[in-house]
Chemist: 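Got a structure for you, written out below as C-alpha cells; questions coming shortly.
Chain identifiers are assigned alphabetically (A, B, ...) following the order of the sequence lines, protein sequences preceding nucleic acid strands; residue numbering begins at 1 within each chain. Atom set for the values below is all heavy atoms of this structure, side chains included, hydrogens, waters and symmetry mates excluded.
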2 protein chains.
Amino acid sequence: MSLTESIKRQSLHEELVERVRNLVVDNTLKPGEKVPEKDLCEAFGVSRTPLREALKVLASEGLIVLQANRGARVTRVTREELDKTFPVIAALEQLAGELACQRLDDAGIERIEAEHAAMMKAFHAGDRQSYFLANQNIHNALIEAADNDILEMHHRMLAVRVRRARFMANLSDARWVQAIEEHEQMIARLRDRDAVGLGQLMKTHMLNKRQAHFAALDAGAGNETDN
Amino acid sequence: MSLTESIKRQSLHEELVERVRNLVVDNTLKPGEKVPEKDLCEAFGVSRTPLREALKVLASEGLIVLQANRGARVTRVTREELDKTFPVIAALEQLAGELACQRLDDAGIERIEAEHAAMMKAFHAGDRQSYFLANQNIHNALIEAADNDILEMHHRMLAVRVRRARFMANLSDARWVQAIEEHEQMIARLRDRDAVGLGQLMKTHMLNKRQAHFAALDAGAGNETDN
DNA sequence: AAAGTTAATTATGAATTCATAATTCAGTCA
DNA sequence: TGACTGAATTATGAATTCATAATTAACTTT
C-alpha cells in the first residue's frame, strides 16, 4: 500500500480493526447481528479497551452501528444505501480508470491482461468463484495503478460495504455475459491507452452492476439472518 | 444530514470526535503538533478512555497520525497528499454536480443563486473572509442537494483535510477572478439544468483550485509551526 | 566542558474496575 | 393462562489503575 506502515508492527487496536473487519466482510458476522464484544475479547485474547477502540473505528467506516448502551451491530445494507453507494464507487472507478491508463506501463498492462485472461477462463468454465476473485483482482489492480492512496482508501471503504452483500453468487447469466463484454471493452481501451474512455466504461460498468445487484435483491429477497 | 441521528444524543466519544476535529480544522491544533491528551482530557472534563477512542477515529479519518508509544500528532498535509486528494474531491464534486442538477427544484436553485449573489458581493467588496464562507456554502449546498449521504460523508472527510490548509487566505487576485468566472458558469449550467456540464465544471473548478493551492504553497513556503 | 551513561519522570497502551442502563426472568395478579 | 411488575443478571460506557516505553535530567568520565 503506502510507505507509512513499513517497519512498525501494528498496535493492538489496528490489528483488531482488521480482524473484526474481516469477520464482517467474510460474513462470519452477518448483517444485523450483534457484535459479541465479550466473545471477541476472549477469542482474540485482549481486553475490552482495544476492542472497543476498534469498534469505534469500524463504526466511523460505517461497517457497524453503535447503539447507545446497546452495543454494536453489523450494519444492514439497505437497498437505499446500495443505491447511494454505487454512484460514488462508480465516480471513483472512473477516476481510477483515467489515472491508471495514464500511469500503467506496458508490463503493468500485461499483468492486467493476464488477470483478464484468467477471468475469461473462469467465465467459460462457469466457475463463479474464480470469476469473482479474478474480477476483483482486476478492479483492485486498476485502483492500485492509479497510484493514489486517498482514492484507494475511499474506494476500499465503499467496496467493502457493497462486496459484503455477496450478490455475485446469484449473478444472472445474462448479466454475466454483459459484464464480460464490458470487461473486454475495458481491456481494449486500456490497450489503446484511452484514459477517458476507460474511465467512462468503468463508471457505467459499476452502475450496471448496481442494476444487477438490485435484480438479485428482488429475486431472492429476505434470506438474511436477523437479530 | 440523515435520519439515523434523530433522537439519540451523542455518546461521549462522538462528541469528542467532533470537538477535537474542530480544534484541528480551525487550526487551534496545528499540523505537526502533538495532540496533548492530558490537556484535552482536562479541558473537556473527561477521562482518557473516550478521548483515546475519539483519537482512533480521527486517525482513521487521516486527520491525525498515531505513533506507537509516542502519542498522536496532527497530520501534516504534504504537497503530495494535496496532489492526490484534489482529484478525488473533484470526482466527487463532479458526481454531486450531476446529481444536484437532476434533483434540485426551482426553489433550491434560487437558494443557491442567492448564496452565489452573496459570494459575488463579497468578491466585489474584496472581502476574502465572506467570500470563503459563501463559496463553501455553495459547494456544501450542491453536495447536499445531491441527496446522497455516502457521497456527502466521503466528501466531507476529504474537504476537511484540504480546507485545513487554509490557503484561501493567500488566494491570488488572478485565481480569484478565475474562480468567480467558473462559478458564474456553474450557475448558468445549473439554470439550464445541464447536469453533465455542471459536473464537468465542478470537476475542473476543483482541479484548478489545486493549482492555486500549489501556487500559494510555492509562494509562502514553510510558515507552519513545528513540533 | 562535552559527550555518554544511567536514573527519574512522564506519557502511553492496555487491563481492570466501577456505575449505570438494558435485558432477562421469576413471581404476582387478573 | 397470560400479561404485568419488579428484582436479578448482564452488558455497556467511562474512569481508574497498572506495566512499560519514551523522554528528560542528573551524573560520571574523559
Side-chain angles (χ1 to χ4, degrees), chain A residues 4-21 23-24 28-30 32-76 225-227, chain B residues 4-21 23-24 29-30 32-75 225-227:
Chain A
T4 57
E5 54 192 343
S6 30
I7 302 142
K8 68 156 203 298
R9 74 172 158 298
Q10 294 180 319
S11 70
L12 250 190
H13 98 272
E14 272 179 288
E15 179 75 26
L16 287 171
V17 167
E18 280 201 31
R19 299 279 200 114
V20 179
R21 190 194 284 125
L23 289 182
V24 175
T28 304
L29 290 172
K30 296 182 178 54
E33 264 186 13
K34 227 184 57 161
V35 179
E37 207 174 274
K38 200 159 74 78
D39 296 353
L40 290 179
C41 284
E42 286 168 14
F44 294 133
V46 299
S47 79
R48 283 176 60 218
T49 306
L51 178 68
R52 307 188 85 255
E53 289 171 344
L55 294 185
K56 301 288 186 290
V57 171
L58 292 172
S60 88
E61 288 180 9
L63 218 64
I64 64 177
V65 287
L66 303 176
Q67 299 165 297
N69 295 316
R70 299 179 65 171
R73 282 176 181 275
V74 177
T75 306
R76 189 187 300 279
T225 336
D226 258 49
N227 205 341
Chain B
T4 58
E5 52 192 347
S6 29
I7 303 141
K8 68 154 205 298
R9 71 171 162 295
Q10 293 182 321
S11 67
L12 250 189
H13 98 272
E14 272 178 289
E15 179 73 27
L16 288 170
V17 166
E18 280 200 31
R19 300 278 200 113
V20 179
R21 189 194 286 124
L23 289 182
V24 174
L29 290 171
K30 296 184 179 52
E33 264 186 14
K34 224 182 60 160
V35 179
E37 207 174 276
K38 201 160 72 75
D39 297 352
L40 291 178
C41 284
E42 286 168 13
F44 294 133
V46 298
S47 78
R48 283 178 58 220
T49 306
L51 178 70
R52 306 186 85 256
E53 289 172 345
L55 295 185
K56 302 287 187 290
V57 171
L58 292 173
S60 89
E61 287 179 10
L63 219 63
I64 63 177
V65 287
L66 303 175
Q67 299 165 298
N69 295 317
R70 298 180 65 172
R73 281 175 181 278
V74 178
T75 306
T225 335
D226 259 49
N227 205 344

Chemist: Protein-nucleotides 16-19 of chain D N/O pairs closer than 3.5 Å?
Modeler:
unit_1 : atom_1 : unit_2 : atom_2 : d
D:dT16 : O4     : B:T49  : OG1    : 3.2

Chemist: Can a donor-acceptor pair be found, under 3.5 Å and without considering hydrogens, that links the side chain of B:T75 to the backbone of B:G62?
Modeler: yes
Chemist: Would you say a side-chain N or O of B:K34 is under 4.0 Å from OP1 or OP2 of C:dT12?
Modeler: yes
Chemist: Check B:E33 with B:R73, please: is the shortest side-chain N to carboxylate O separation under 4.0 Å?
Modeler: no
Chemist: In the structure I gave you, are the side-chain heavy atoms of B:K56 and B:L66 within less than 4.5 Å of one another anywhere?
Modeler: yes
Chemist: Roughly how many Å is it from CD in A:E15 to P in C:dA14, rounded to a whole number?
Modeler: 11 Å
Chemist: Rounding to an integer number of Å, can you tell me how far B:H13 NE2 sits from D:dA15 P?
Modeler: 14 Å
Chemist: Check the distance between C:dA11's C1' and B:Q67's CD and give it to me in whole angstrom.
Modeler: 13 Å
Chemist: Would you call B:R21 and B:E61 a salt bridge, taking side-chain N to carboxylate O under 4.0 Å as the test?
Modeler: yes
Chemist: Do A:P36 and A:L29 have side-chain heavy atoms sitting under 4.5 Å apart?
Modeler: yes
Chemist: Please identify which of these residues, B:V65, B:L23, B:V24, B:I64, meets the side chain to side chain contact (heavy atoms under 4.5 Å, CB included) condition with B:V35.
Modeler: B:I64
Chemist: What is the separation between atom CG on A:L51 and atom C1' on D:dA11, rounded to the nearest whole Å?
Modeler: 13 Å
Chemist: To the nearest Å, how far apart are A:L40 CG and D:dT12 P?
Modeler: 11 Å
Chemist: Could you tell me whether the side chain of A:L51 reaches within less than 4.5 Å of the side chain of A:V20, counting heavy atoms only?
Modeler: yes
Chemist: In whole angstroms, how far is the C1' atom of C:dA11 from the CG atom of B:L66?
Modeler: 14 Å
Chemist: Carefully, step by step, assess A:E37 and A:L55 under the rule side-chain contact (heavy atoms from CB on, under 4.5 Å).
Modeler: CA-CA 9 Å; A:E37 207 174 274; A:L55 294 185; 4.2 Å; yes
Chemist: Rounded to the Å, how far apart are A:D39 CG and D:dT12 P?
Modeler: 10 Å
Chemist: Can you tell me how far P of D:dA11 sits from CZ of A:R73, to the nearest Å?
Modeler: 13 Å
Chemist: Please report the shortest heavy-atom distance between A:H13 and A:P50, naming the atom on each side.
Modeler: CB-O, 3.8 Å
Chemist: Anything under 3.5 Å between a protein N or O and an N or O of nucleotides 22-24 of chain D, put it in a table, one pair a line.
Modeler:
unit_1 : atom_1 : unit_2 : atom_2 : d
D:dT23 : OP1    : B:R70  : NE     : 2.8
D:dT23 : OP1    : B:R70  : NH2    : 3.0

